[in-house]
Every structure is written in C-alpha cells, then in structure tokens.
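Structure first, then comments.
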Amino acid sequence: MHRTRLLAALSAAALALSGLVATASSAGAADTELARNGGFETGLTGWSCTAGSGAAVNSPTHSGSSALKATPAGSDNANCSQTVTVKPNSDYTLSGWVQGSYAYLGAAGTGTTDVSTWTSSAPSWQRLSTTFRTGTSTTSVTIYTHGWYGTPAYYADDLSLLGPGGDPVRIPAAPTGLSAGAPGSTSVPLTWSASSGATSYNVYRGGAKVLDVSGTSATVTGLAPSTAYSFQVSAANEAGESTKSSAITATTTAGGGGSGGELPAHALVGYLHAGFANGSGYTRMADVPDSWDVINLAFGEPTSVTSGDIRFSLCPATECPNVESAADFKAAVKAKQAAGKKVLISIGGQNGQVQLATTAARDTFVSSVSKIIDEYGLDGLDIDFEGHSLSLNTGDTDFRSPTSPVIVNLISAVKTLKAKYGSKFVLTMAPETFFVQLGYQYYGSGPWGGQDPRAGAYLPVIHALRDDLTLLHVQDYNSGSIMGLDNQYHSMGGADFHIAMTDMLLTGFPVAGDTTKVFPALRPEQVAIGLPASTQAGNGHTAPAEVNKALDCLTRKTNCGSYQTHGTWPALRGLMTWSINWDRFNQWEFSKNFDAYFGG
C-alpha cells in the first residue's frame with residue numbers, strides 16, 4: 001500500500017477508535033495495574049522487543065529514571081510487548097506516554113476487537129489511551145507499543161493496563177515427546193510436544209542452557225563430530241520455568257569438509273587469477289608463496305547463465321605471456337598439495353552468473369565441475385556466486401526450508417559433489433554482504449513484496465550446507481553500509497566493519513527481524529574475513545593496522561572500538577583476500593601482515 005494512503009487509513013482507524021474510547025466503560029475503582037514494569041525502571045524486564053530493537057534509557061523520561069527507546073529498522077517496526085493475564089467479559093483501559101514520530105499503543109488477542117491508538121508526531125511527551133472489552137473465554141491479552149518502518153526511534157514510558165486481574169498464571173508442565181532428527185556432523189535437530197500455557201522453551205545440552213525458542217523445534221549447532229550429546233527441554237512463561245524433560249541422547253556423524261579438513265589453525269585464503277590477468281599481472285601457480293594455505297582458482301564460468309555447464313581454462317598467452325603449460329600448472333598444483341596446501345576451483349565471480357533453475361542444469365553442474373576437479377586434481381569447490389545468480393522467489397520466506405529452484409538445486413548439487421569426493425572434499429563460499437548480513441533486515445522480496453529478491457539469498461545455502469562447509473569468507477568489500485547486531489549501520493574500510501560483520505556470523509541473528517527464524521551461529525573455525533589485498537583490488541581496502549585491530553577484537557576482545565562483540569573467538573580461522581595477484585602487485589603487504597600477526 002502507498003504510504004500516504006496507509007497513513008490515511010490508519011488515521012481513519014484512529015478516529016473510529018476514539019469513538020470507542022468515548023463509549024466504552026472506564027476502569028472501575030476495584031481495577032488494578034496489570035502491566036509489569038510499565039515505567040521500564042528495571043530495564044526491559046517483562047517486555048520483549050523484536051530484533052533487539054528496544055533498550056532502556058535514562059533520557060528522555062516521562063517520570064522516574066528510565067524509559068523505553070525502540071528503533072525501527074528495515075522490515076522491523078520495533079514492536080515491544082508483554083502478555084498480561086485478564087478476566088473474560090471485562091473492561092480494560094490501556095494508556096501510556098510516548099515521544100517521537102509514529103508511536104503506537106495497542107492490545108491484541110482481546111477476544112473481541114483488537115485496539116490501537118497512535119500519533120504521527122510527538123515532539124514532547126504525549127499520552128495515548130484506548131479501551132477494550134475481553135471476550136467470553138479470553139484469559140490473556142498482549143499489550144504492545146511500536147513505531148513505523150523507516151522512521152527514527154520512538155520513546156515510551158509509564159505504560160499502564162487497568163482492569164480486573166486474571167487468575168494467576170501457572171508454570172507449565174515439562175514438555176514431552178522430545179526426539180532428535182537425523183544429526184549432522186556438527187548439529188542435531190530436536191522436536192517436542194507443546195506444553196499448555198508455555199510461551200517459550202529452553203533447550204539444554206549436557207545440563208547447560210544453549211537455546212531459547214518460541215516454537216517446538218530447534219537445531220543445536222556448534223557440536224563436535226562423532227560425539228554423543230544429551231539434550232533436555234523445559235517450558236516457560238511469565239510465571240517461571242518448568243522442570244526439564246526426560247533426557248535423550250544423540251550422536252553427531254563423522255566430520256567431513258565442515259570440520260576444516262587439514263587446514264592450519266589460522267589459514268590464509270587467496271584467489272589466483274588463473275584464467276585472466278585483470279591488470280595485476282599473471283602469477284604462475286609455482287610462484288605462489290607458501291603463506292597461502294588455500295588457493296582458489298578464478299574462475300570456472302558457465303557456457304550460459306542457465307546451462308550449469310562450467311568450464312575452466314588457463315589464461316591465454318596473448319593476455320598472459322608468462323602463463324605456464326597445462327602440464328606445468330598441474331604439476332605445481334600437486335606440489336602445493338604435497339606441501340599441505342588446498343587448491344580449489346572457484347565458480348562464478350563477477351562475470352560468471354550461474355542460475356541452476358532446472359534439475360537438468362543441476363546435473364550438468366555436477367558433471368562439469370567434477371570434470372574440472374578430476375582434470376586438475378583439485379581439493380574441492382569455492383562458491384562465489386554474485387550478481388543475479390541467487391534470488392528468492394515470492395513466497396519463499398523461510399531460510400530453513402527454501403523452495404526457490406536456484407537455491408534448492410545448488411544445495412542438491414553441492415551435496416552430490418560432497419558425497420562423491422568424501423570427507424576430504426573442501427567447500428568454501430565467498431558471498432557478498434548483500435546476500436548474508438543484509439538478511440538481518442531484509443529477506444527476499446519481503447512480506448509485502450517490493451524488496452530486492454536477492455537480499456539474504458545465500459542464507460539458505462549456507463544453512464543447508466553448514467555441516468559440509470569448511471570456510472565461509474564473506475566479502476567485506478564492494479559493499480554498502482550494513483546494519484550490525486547493535487542496530488547501527490557500519491561502513492567499509494576500517495576494523496569496525498569487519499568486527500560487526502563477523503560478529504553476526506559467529507553470534508547468529510534473526511532473519512528479517514523475525515525472532516522465530518534465527519540463523520544459527522557458525523563455528524569460528526568455519527569463518528574467515530574477506531578483504532581486498534590492495535586499493536586497486538576493490539572498494540573497502542583496509543590498512544594492515546585496522547586488519548589487526550579487527551583480529552584483536554574478535555580473537556582477544558581487545559581494540560574493539562565502539563562495537564561490543566557477543567563473544568571472543570580465538571579459533572577464528574583467518575583471512576581471505578582478493579587476490580593473490582593483487583597482493584603480489586602490492587609487494588605482498590597483505591600476506592606479510594598475516595604471517596606477522598599469526599607468527600607464520
């Protein structure tokens with residue numbers, strides 16, 4: 001809906017509600033205050049804010065020492081809510097004070113007519129109020145406040161719900177029916193039966209709480225291969241937490257490519273322009289220094305966008321006069337592997353658009369990539385799909401169960417390749433931030449359409465292949481500003497960008513702000529930071545000192561600047577760069593700095 005028309009409709013609704021306020025019975029003398037922590041004096045206790053949008057602040061306040069500040073972002077309107085116990089067939093008055101633009105106050109689940117009231121502008125504190133009557137069987141309602149999409153933060157304070165108190169909420173019973181699905185090498189999916197009255201569930205591994213979810217399923221990640229784990233689940237609501245369910249045991253499968261293979265604890269990954277010079281000059285495979293642990297051959301490209309037929313050949317001598325023969329190249333690959341290095345074929349790149357829209361294209365992809373791997377004796381595959389290779393069809397809204405053919409067929413193709421080559425197959429991915437971290441705000445075309453269908457489109461691929469994934473090295477370059485988990489925008493070129501973007505991968509995040517669809521954290525040994533090797537290599541070049549600050553923060557929690565990470569990850573795998581050729585052009589500045597930092 002056009003915004004002007006939408007606001008007009010909301011205004012009409014507000015006028016209608018004002019009539020309701022005038023005619024509904026007011027709260028009586030026996031009424032009690034039912035809203036918990038309505039003044040936010042104890043922070044967000046009792047309140048739940050979507051996408052981490054809310055925070056208790058000391059200024060401005062309407063009264064007391066604290067108020068709510070909530071910041072809309074992307075498709076999230078900064079909704080903060082709590083569920084309150086009420087009596088059926090009873091009258092209630094909801095009120096509160098707000099400040100800012102487009103602030104709303106409302107009640108849902110009333111059993112009659114859900115109500116809300118709002119203001120489009122409150123430069124100073126303004127009172128909002130509405131009333132409602134509960135239905136014949138209503139025992140709880142949800143009161144909420146929220147802002148509007150794309151507008152600045154709003155403030156709320158002294159929120160109140162007056163009316164007859166309901167019967168006390170009872171702690172739910174322990175969940176039953178806990179069972180494990182097919183484990184992966186680093187994850188176990190769990191399901192259980194719902195507990196009456198529960199509003200959330202806590203998942204325990206070995207007696208320690210690892211997840212808090214709203215539904216009756218969860219996937220526990222970050223596990224070790226070939227290891228038995230014990231799991232329990234409890235149910236919770238505003239009254240407290242139940243006892244834990246009976247324990248079950250599940251054993252993860254043997255580790256494969258997702259275990260990191262034989263990579264060193266800290267690895268340096270680089271792309272080698274094997275098929276072109278690109279202004280940086282051609283670097284022969286034999287001349288790649290020992291600093292590089294993973295060498296991605298750029299690029300395998302399709303014969304057409306939708307064919308799935310991938311081809312690779314060495315740079316022609318007319319463009320690269322110093323190119324080695326195919327035989328010498330293959331011999332150099334074997335020498336690198338004998339020295340413990342991994343050599344992969346990278347598919348895609350800026351010009352290699354690959355859309356596996358059909359099962360025929362999927363099967364051709366598998367056979368043609370296999371041919372390249374076999375011909376050159378390579379260790380695995382790097383997926384560097386860019387541009388319009390991946391996008392989500394309208395209605396494909398859950399990264400955990402994708403339906404778009406280009407996504408489903410790519411996942412299937414890679415799983416087939418992994419099964420063919422076995423546990424030593426190395427799988428890496430190099431998506432752009434648009435396809436990964438932007439998913440915190442936007443996913444596909446969005447609930448109302450109109451968004452870029454490519455937003456977050458790598459997330460279902462990463463998630464489906466996380467047990468097979470050796471390394472994810474997102475390109476922290478050629479990127480627009482991206483919102484981090486602090487709900488602030490971060491820009492390329494300094495330590496802050498790499499800290500915020502990497503923290504998202506190692507912490508996990510709700511996709512498009514939906515807390516029921518959380519992208520789980522990757523293991524730190526699966527993550528490397530992608531950077532350009534020089535100012536000529538791409539936008540967002542980061543000086544070595546800033547690279548080191550990012551590494552300090554993520555692995556030691558020092559030099560973090562203003563961004564506070566959600567953990568410390570000394571096992572962070574390392575760095576990726578575009579490219580080995582550009583690093584050579586820049587006197588090996590990038591790789592020398594890596595070696596100095598990690599003692600290589």
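Positions are given from 1, in the same order as the sequence printed here.
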(request) Could you grab the distance from atom CD1 of Ile383 to atom CG of Leu390, nearest 0.5 Å is fine? (result) 8.5 Å
(request) Please work out which of the three classes, parallel, tilted or perpendicular, describes the rings of Phe399 and Tyr443, given edges at 30° and 60°. (result) perpendicular
(message) Can you confirm whether His388 is buried at NE2, in the sense that more than 12 heavy atoms of other residues, nucleotides or ligands lie under 6.0 Å from that atom?
(response) no
(message) Are Val461 and Val414 packed together at the side-chain level, in the sense that at least one heavy-atom pair is separated by less than 4.5 angstrom?
(response) no
(message) Quick one, Leu485 and Tyr563 - any side-chain contact, counting heavy atoms below 4.5 Å?
(response) yes
(request) Answer whether the closest heavy-atom distance between the side chains of Leu190 and Leu178 falls below 4.5 Å. (result) yes
(message) With side-chain hydrogen bond (donor to acceptor under 3.5 Å, both in side chains) as the criterion, how do Asn487 and Tyr440 come out once you've worked through the C-alpha distance, each side chain's angles and the decisive distance to 0.1 Å?
(response) CA-CA 10 Å; Asn487 291 327; Tyr440 177 52; 2.8 Å; yes
(message) Parallel, tilted or perpendicular: which one describes the rings of Trp125 and Tyr155, with boundaries at 30° and 60°?
(response) perpendicular
(message) Would you compute the distance between atom CG of Asp467 and atom OG1 of Thr252 and round it to the nearest 0.5 angstrom?
(response) 9.0 Å
(message) Is any side-chain heavy atom of Lys517 closer than 4.5 Å to one of Thr397?
(response) yes
(message) Using only atom types and a distance under 3.5 Å, with no angle test, would you say the side chain of Asn37 pairs donor to acceptor with the backbone of Thr42?
(response) yes
(request) Decide yes or no for Leu159 and Gln82: does some side-chain heavy atom of the first lie under 4.5 Å from some side-chain heavy atom of the second? (result) no
(request) Calculate, to the nearest 0.5 Å, the distance between atoms CG and OG belonging to Asn237 and Ser200 respectively. (result) 8.0 Å
(request) Quick one: do Asp396 and Ser404 satisfy side-chain hydrogen bond (donor to acceptor under 3.5 Å, both in side chains)? Show the steps, please. (result) CA-CA 7 Å; Asp396 190 349; Ser404 303; 2.7 Å; yes
(request) Look up atom NZ in Lys557 and atom OG1 in Thr565, then write down how far apart they are to the nearest 0.5 Å. (result) 2.5 Å
